[in-house]
Amino acid sequence: MSGHSKWATIKRKKDAIDSKRGAIFTRVGKEITVAARMGGGDPEGNPRLRLAVLKAKSVNMPKDNIERAIKKGTGDLEGVTYEECLYECFGPGGIAIMVSAVTDKKSRTTPEVKSILTKLGGSLATSGSVSRLFEKKGIIVLESSQVTEDELVDLAAGAGAEDVVNEGEVFRVITSPDDYEAVMHVLNEKGLKSEESEIRYIALVSSEIEDKETAEKVMKLIDQLDGHDDVTSVTSNFELAPSLEKEFE
């Protein structure tokens with residue numbers, strides 16, 4: 001699956017994915033609000049909201065937070081209006097990056113994303129020039145201490161998952177966008193909690209970086225983009241060359 005497991009593992013060693021509980025809830029809350037604004041506040045009749053709520057439950061987001069985020073989207077509570085943004089980018093070494101964001105002010109977020117790119121050797125790309133290198137998949141990351149690989153494969157495959165990747169400390173379950181909800185539902189029913197769960201872009205072809213300095217720049221760029229308050233996900237086709245893996249353990 002284009003080498004993302006190596007980058008994900010390295011990133012977790014440096015800093016757990018969305019390790020701050022508040023950051024997780026903020027991002028998921030925005031997703032719920034946007035979904036409710038676009039399709040109404042009833043999850044049964046709004047598939048996108050149903051997925052967002054499912055994701056919220058998978059990260060133990062309190063019920064009150066979920067309900068409040070829905071009411072913001074439907075207008076039952078005062079709150080800001082969010083919109084989605086998708087940025088196609090190039091990074092050091094010519095790597096491709098997809099950045100998804102949810103913001104209450106695009107005129108603020110876009111220049112800030114552009115500034116991060118410019119300072120760290122990247123640039124915004126024209127529409128379609130980067131997205132053609134990616135496809136959307138459901139990604140669910142679980143701590144491996146919760147379940148054996150065989151048990152997870154049986155559960156996930158039975159619900160329609162395409163693959164289960166063993167990355168040591170975590171398992172990565174990969175689904176089509178259409179099967180994501182069913183797989184999430186089965187895992188939740190079994191009491192399995194996810195570290196990360198979303199439908200996002202993944203690279204069709206990886207771009208291997210062999211130069212240490214360039215690799216460091218790429219990692220710093222991805223970290224800073226991912227750390228932006230409005231960014232919900234960052235995906236790249238970056239893959240670290242095997243000769244450099246020990247340098248970043």
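With hydrogens and angles ignored, the 3.5 Å screen pairs a side-chain donor or acceptor of Ser144 with a backbone N or O of Gly168. Checked by atom type and distance alone, the side chain of Glu196 never pairs as donor or acceptor with a backbone atom of Val141 at under 3.5 Å. For the pair Asn46 (side chain) and Gly41 (backbone), a donor-acceptor distance under 3.5 Å is absent. The backbone N or O of Gly73 lies less than 3.5 Å from no partner atom in the side chain of Thr33, so there is not a single donor-acceptor pair. Here the side chain of Thr126 pairs no donor or acceptor atom with the backbone of Ser129 at under 3.5 angstrom.
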Margin query: As a quick check of understanding, evaluate salt bridge (Lys or Arg N to Asp or Glu O under 4.0 Å) for Arg50 and Glu181, giving each step before the final call.
Written below: CA-CA 8 Å; Arg50 191 164 61 244; Glu181 182 179 359; 2.5 Å; yes

Margin query: side chain to side chain donor-acceptor pair (under 3.5 Å), that's the test. Do Asn237 and Ser206 meet it? Break it down for me.
Written below: CA-CA 5 Å; Asn237 66 348; Ser206 62; over 6 Å; no

Notebook entry, point to check: So Glu84 and Arg48, salt bridge (Lys or Arg N to Asp or Glu O under 4.0 Å) or not? Walk me through it.
Noted result: CA-CA 13 Å; Glu84 294 179 290; Arg48 180 171 177 176; 2.3 Å; yes

Next item on the list: Determine, stepwise, if the pair Lys217 / Thr214 fulfils side-chain contact (heavy atoms from CB on, under 4.5 Å).
Entry: CA-CA 5 Å; Lys217 289 180 180 178; Thr214 302; 5.5 Å; no

Item checked: Residue pair Ser233, Tyr201: steps toward the side chain to side chain donor-acceptor pair (under 3.5 Å) verdict -> CA-CA 9 Å; Ser233 71; Tyr201 289 95; over 6 Å; no

Margin query: Walk me through whether Arg37 and Thr74 qualify under side chain to side chain donor-acceptor pair (under 3.5 Å).
Written below: CA-CA 5 Å; Arg37 178 170 62 84; Thr74 58; over 6 Å; no

Next item on the list: Just do the side chain to side chain donor-acceptor pair (under 3.5 Å) check on Thr148 and Glu151 with the steps written out, would you?
Entry: CA-CA 5 Å; Thr148 68; Glu151 289 171 336; 3.2 Å; yes

Next item on the list: Begin with the C-alpha distance, continue with both residues' side-chain angles, and end with the deciding distance and a verdict on salt bridge (Lys or Arg N to Asp or Glu O under 4.0 Å) for Lys55 and Glu31.
Entry: CA-CA 10 Å; Lys55 180 177 179 179; Glu31 292 179 34; 3.0 Å; yes

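Residues Leu240 and Leu221 are members of one and the same hydrophobic cluster, defined by side-chain heavy-atom contacts under 4.5 angstrom among Ile, Leu, Val, Met, Phe, Trp and Tyr. In terms of hydrophobic clustering, with Ile, Leu, Val, Met, Phe, Trp and Tyr side chains grouped at heavy-atom distances under 4.5 Å, Ile199 and Leu54 are assigned to a common cluster. Tyr180 and Val153 fall within the same hydrophobic cluster, where Ile, Leu, Val, Met, Phe, Trp and Tyr residues are linked whenever their side-chain heavy atoms come under 4.5 Å apart, directly or through other members. Put simply, Ile140 and Val53 are part of two different groups of oily side chains (I, L, V, M, F, W, Y) that touch within less than 4.5 Å, one to the next. Linking ILVMFWY residues whenever their side-chain heavy atoms come closer than 4.5 Å, directly or via other members, leaves Leu142 and Ile174 in distinct clusters.
At a threshold of 4.0 Å, the pair Glu162-Lys137 counts as salt-bridged, since one of the basic side-chain nitrogens sits closer than that to a carboxylate oxygen. We find that Glu216 and Lys220 are not joined by a salt bridge, their nearest charged nitrogen and carboxylate oxygen being 4.0 Å or further apart. With respect to Asp76 and Lys72, no salt bridge is recorded, no charged nitrogen being found less than 4.0 Å from a carboxylate O. Here Lys30 pairs with Asp230 in a salt bridge; the nearest charged N to carboxylate O distance falls below 4.0 Å.
Smallest separation of non-hydrogen atoms from Asn166 and Glu149: ND2-OE1, 3.0 Å. The two residues Ser197 and Ser58 make their nearest non-hydrogen contact at OG-OG, 3.3 Å. Glu198 and Thr232 make their closest contact through OE1-O, 3.9 Å (heavy atoms, listed as atom of the first residue, atom of the second, distance). Shortest non-hydrogen contact noted between Ile95 and Phe238 is CD1-CB, 4.1 Å. Taking every heavy atom of both residues into account, Leu120 and Pro92 meet most closely at O-CG, 3.3 Å. Taking every heavy atom of both residues into account, Asp226 and Val231 meet most closely at CA-CG1, 4.3 Å.
The shortest distance between side-chain heavy atoms of Val234 and Asp223 does not fall below 4.5 Å. Proximity of Leu77 to Arg68: side-chain heavy atoms (C-beta onward) are separated by under 4.5 Å at one or more points. When side chains are defined from C-beta on, Val173 counts as touching Thr175, because their heavy atoms get closer than 4.5 Å. The shortest distance between side-chain heavy atoms of Glu208 and Pro242 falls below 4.5 Å. Proximity of Leu117 to Val99: side-chain heavy atoms (C-beta onward) are nowhere separated by under 4.5 Å. Taking the side chain as every heavy atom from C-beta outward, Lys57 and Met61 never approach each other to under 4.5 Å. Here the side chains of Val147 and Leu192 are in contact, with some heavy-atom distance below 4.5 Å. With a 4.5 Å cut-off on side-chain heavy atoms, Leu204 and Phe134 do not count as touching.
When only modelled atom types and interatomic distance are considered, Ser100 and Arg200 share no side-chain donor-acceptor pair under 3.5 Å.
Rounding to the nearest 0.5 angstrom, the gap separating the OG atom in Ser236 from the CE atom in Met219 is 10.0 Å. Rounded to the nearest 0.5 angstrom, Lys136 NZ and Thr235 OG1 are separated by 10.5 Å.
Counting non-hydrogen atoms of neighbouring residues, nucleotides and ligands closer than 6.0 angstrom, the NZ atom of Lys193 exceeds 12 such neighbours.
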